[in-house]
Amino acid sequence: MAAASSGPVAFPCWRRRSDRPATFLRSLALLLVAAATACAPDAWRPDSRFDAFLDQVQDRCGNLDVGSRRIGANLIQGPDSYFLDLTSRYFHREISLENYADALAGTFSSDPGSAGIRCILAVPRSSDPMPMPPALLQ
């Protein structure tokens, strides 16, 4: 009777286990890259202009509501990541005023003309040096 070999043929599960970490690490790396590229411009680096804009929104509109959510307590101080991402895109002129108002209203079950949304839209964004071309705002 032949002696059993202690190589990979005798223990095929060794081979499969060693492949799993590489696949997992590749999948994790792809997930992290996808998450980082999907975020707003200020999501991974400081943006003092956007922070100043949020401070103004907090000061002027912090006691108003968008749907059932208070702008200051729930959306900025919470913080609500969707609200911050959407507001960043609005601030950096990646989406139009109308698209921003509609997205907020749809997400938080509000009216695009509600007092809270109108207040946010009234906060000036003039400090942003790179406005979106008017043709792209449609």
Side-chain angles (χ1 to χ4, degrees):
M1 179 177 223
S5 170
S6 62
V9 174
F11 299 103
C13 62
W14 285 356
R15 186 175 191 174
R16 277 185 263 142
R17 283 186 191 160
S18 65
D19 291 343
R20 287 181 190 158
T23 304
F24 173 75
L25 291 176
R26 269 187 252 128
S27 299
L28 183 61
L30 288 173
L31 179 65
L32 291 174
V33 168
T37 58
C39 295
D42 64 325
W44 58 275
R45 65 175 182 233
D47 186 347
S48 59
R49 294 175 300 131
F50 179 62
D51 291 339
F53 177 76
L54 286 178
D55 289 344
Q56 289 181 21
V57 169
Q58 171 73 33
D59 292 344
R60 295 180 185 188
C61 314
N63 61 345
L64 298 174
D65 296 326
V66 176
S68 63
R69 310 276 303 269
R70 179 131 340 228
I71 292 173
N74 296 123
L75 299 176
I76 295 175
Q77 296 169 2
D80 185 293
S81 59
Y82 178 76
F83 174 80
L84 293 177
D85 183 59
L86 187 65
T87 303
S88 172
R89 292 175 191 276
Y90 165 70
F91 175 77
H92 290 286
R93 291 175 167 79
E94 294 178 7
I95 60 173
S96 69
L97 179 141
E98 293 84 11
N99 287 344
Y100 177 71
D102 289 342
L104 277 181
T107 301
F108 299 109
S109 301
S110 182
D111 177 44
S114 71
I117 293 175
R118 283 193 330 257
C119 182
I120 295 170
L121 297 176
V123 175
R125 304 179 289 166
S126 61
S127 64
D128 194 6
M130 299 165 71
M132 184 180 281
L136 297 178
L137 291 176
Q138 299 173 2

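- The two residues Gly62 and Arg70 come nearest to each other via the heavy atoms O-CG, 3.3 Å.
- In this structure, CD1 in Ile76 is found 8.0 Å from SG in Cys61, a value given to the nearest 0.5 Å.
- In terms of heavy atoms, Ile117 sits closest to Ser110 at CD1-OG, 4.3 Å.
- Asp65 contributes no side-chain N or O that, together with a main-chain N or O of Gly67, makes up a donor-acceptor pair within less than 3.5 Å.
- Taken from CG in Leu121 to OH in Tyr100, the straight-line distance is 7.0 Å, to the nearest 0.5 Å.
- In this structure, Phe108 has no ring pair (Phe, Tyr, Trp, His ring centres under 6.0 Å) partners at least two apart in sequence or on a different chain.
- Note that the CD1 atom of Ile71 and the OG1 atom of Thr87 stand 9.0 Å from one another [nearest 0.5 Å].
- Atom CG of Leu104 is separated from atom OG of Ser109 by 12.0 Å, given to the nearest 0.5 angstrom.
- Arg118 has its side chain out of reach of Pro112: every pair of non-hydrogen atoms, C-beta onward, lies at least 4.5 Å apart.
- Ion pairing between Asp85 and Arg89 holds under the 4.0 Å rule for side-chain N and carboxylate O.
- The shortest heavy-atom contact between Phe50 and Leu84 is CZ-O, 3.8 Å.
- Listed here is the closest heavy atom pair of Ile120 and Phe53: O-CZ, 4.3 Å.
- Closest approach of Ala122 to Arg60, counting heavy atoms only: O-NH1, 3.8 Å.
- Side-chain atoms of Tyr90 and Ser96 form no donor-acceptor pair, as typed in the model, at a separation below 3.5 Å.
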**OP:** Please lay out, stage by stage, how Leu86 and Ile95 fare under the test side chain to side chain contact (heavy atoms under 4.5 Å, CB included).
**Re:** CA-CA 9 Å; Leu86 187 65; Ile95 60 173; 3.6 Å; yes
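- Counting only heavy atoms from C-beta outward, the side chains of Arg49 and His92 approach each other to under 4.5 Å.
- We find the CG-CZ distance between Leu64 and Arg69 to be 15.0 Å, quoted to the nearest 0.5 Å.
- Under the side chain to side chain donor-acceptor pair (under 3.5 Å) criterion, Asn74 pairs with no residue, sequence neighbours left out.
- In terms of heavy atoms, Arg125 sits closest to Arg93 at O-NH1, 3.2 Å.
- Listed by first and then second residue, the disulfide (SG to SG under 2.5 Å) pairs involving residues 62-100 amount to none (not counting sequence neighbours).
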